[in-house]
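Chain identifiers are assigned alphabetically (A, B, ...) following the order of the sequence lines, protein sequences preceding nucleic acid strands; residue numbering begins at 1 within each chain. The figures here come from the full heavy-atom set of this structure, side chains too, leaving out hydrogens, waters and symmetry mates. Keep in mind the model is a prediction, meaning the values are calculated, not measured.
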Protein chains: 2
Amino acid sequence: MAKKIKPEEQISTEEKIKEAARTVFMKKGFSATRTRDIADEAGINLALLNYYFRSKEKLFELVMMEKFQAFFGVIFPILNDPSTTLERKVELIADQYITLLTENPDLPIFILSEIRTNADRMVASVRLDKILAESQFVKQLHERRPDMHSVQLIMSILGLVVFPFLMRPLLMQTGNADTKIFNAMMNERKQWIPKWFDSILNAK
Amino acid sequence: MAKKIKPEEQISTEEKIKEAARTVFMKKGFSATRTRDIADEAGINLALLNYYFRSKEKLFELVMMEKFQAFFGVIFPILNDPSTTLERKVELIADQYITLLTENPDLPIFILSEIRTNADRMVASVRLDKILAESQFVKQLHERRPDMHSVQLIMSILGLVVFPFLMRPLLMQTGNADTKIFNAMMNERKQWIPKWFDSILNAK
DNA sequence: AAAATATTTAAACATTTGATTAAAACATCC
DNA sequence: GGATGTTTTAATCAAATGTTTAAATATTTT
């Protein structure tokens, strides 16, 4: 039952396929991805995909779950921490989220695209609205600005953080020079966004 | 060569197909759309699609061009108007863009999704970065805040306006009650965003 | 009305695509 | 070293899918 005797530098077929699936699904989405694309990317025989993961759908769900987790896993603990102030939460979101997305710039468009096509499936089961509504963050927002709908403020902070990664392909060539400029700007934003959000919180 | 004698309530087959293509492509994107879906939606024989538009690709390009135009057509004239102040431009963008997107909430995810899959094609030809760089808006931004990269500010204003429509499927059921709440919030945002942007412009 | 042209239809075609199969290759255990 | 179980391969399948064809029907022109 033991896998391989060499523990180092041996990547299992299963993991090769998963990694290839991550790459291809992320780049093209579920519908535009062919199982043969994944097999080629992984450098394995097509049949192995079904041998290890039963179907394209199952393999996709695996990747989707991972990415969904990555996308929301960072933010939920921050939003729910009762020991940090509103301002600190915003600092943490800006900092950690921008770090995450700089390393995974395709994450937002992937998540949002696939949710749009599926709409039902695992997405509806998460009920983001309910999770948010019960969060510390929303409570703190409501205390500070009872006159503003907390969703307004959440959309604003997330828009400031996430939207640049969505419009990057429109603004920049994928060339390396542009990437560096973009990443530098995102890094600056870690400082700006908390300041801007303070202004928003105190607006009018 | 005259189309139809009855001018009223007669929709040409060509237009029926185009309209169905708009609906289906917008909802599912290029890859997930089957030509048969479009034919069914239009209530026409499958072969007519190719008879009138040669191919799925050609039909898609038509729809994409339209939507691209809708997405950017509103904003470019505002950005380039030399007779309005910075503040007024932001007011106009918030107001007109939110109005447009409330009527076409799927527009942003459609554009961004398809650009991601294609990347090259007609999108690269538009060179949004160059168009923006030469706009009045950017000149005015640069005058006001020479210390801030104008792209930072453009990403912020667009993020505040557009991002809510991207995360709507995550926050809300497609039910009618939620839609009304969402639209009401977007309407409020027409007022808030100019105020917020003023704060951003004067930050620190 | 006949001829010419344009539109529509049902059927079929050629590829593509996700999945399966049966056998070969490989590894492990006694 | 042979039996046993696991992994890999090449070939194939059936369904889906974009497109074409040829005949039928409708419309326009002469």
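- Side chain to side chain, T84(A) and K89(A) meet the donor-acceptor criterion of an N or O pair below 3.5 Å.
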Taking only nitrogen or oxygen atoms into account, show me every contact under 3.5 Å that the protein makes with nucleotides 10-16 of chain C, one pair per line with its distance.
residue: dA10(C); atom: N7; partner: N45(B); partner atom: ND2; Å: 3.3

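- Phosphate proximity of dT9(C) to Y51(B): absent, as no side-chain N or O sits under 4.0 Å from OP1 or OP2.
- Rounded to an integer number of Å, the gap from Y52(B) OH to dT20(D) P is 17 Å.
- Close to dT17(D), at under 4.0 Å from its OP1 or OP2, lies no side-chain N or O of T35(B).
- Here the P atom of nucleotide dA19(C) and the CD1 atom of I44(A) are 13 Å apart, to the nearest Å.
- Atom P of nucleotide dT7(D) and atom CD of E14(A) are separated by 9 Å, given to the nearest angstrom.
- For F165(A) and F182(A), the ring centers sit closer than 6.0 Å to each other.
- Using modelled atom types, one finds no donor on one side chain facing an acceptor on the other under 3.5 Å when comparing K180(B) with N183(B).
- K56(B) forms no cation-pi arrangement with F25(B), by the criterion of a distance under 6.0 Å to the ring centre and an angle within 45° of the ring axis.
- Here the P atom of nucleotide dT8(D) and the CG atom of L49(A) are 13 Å apart, to the nearest Å.
- Here dT7(C) presents its C1' atom at 12 Å from NZ of K16(B), a figure rounded to the nearest Å.
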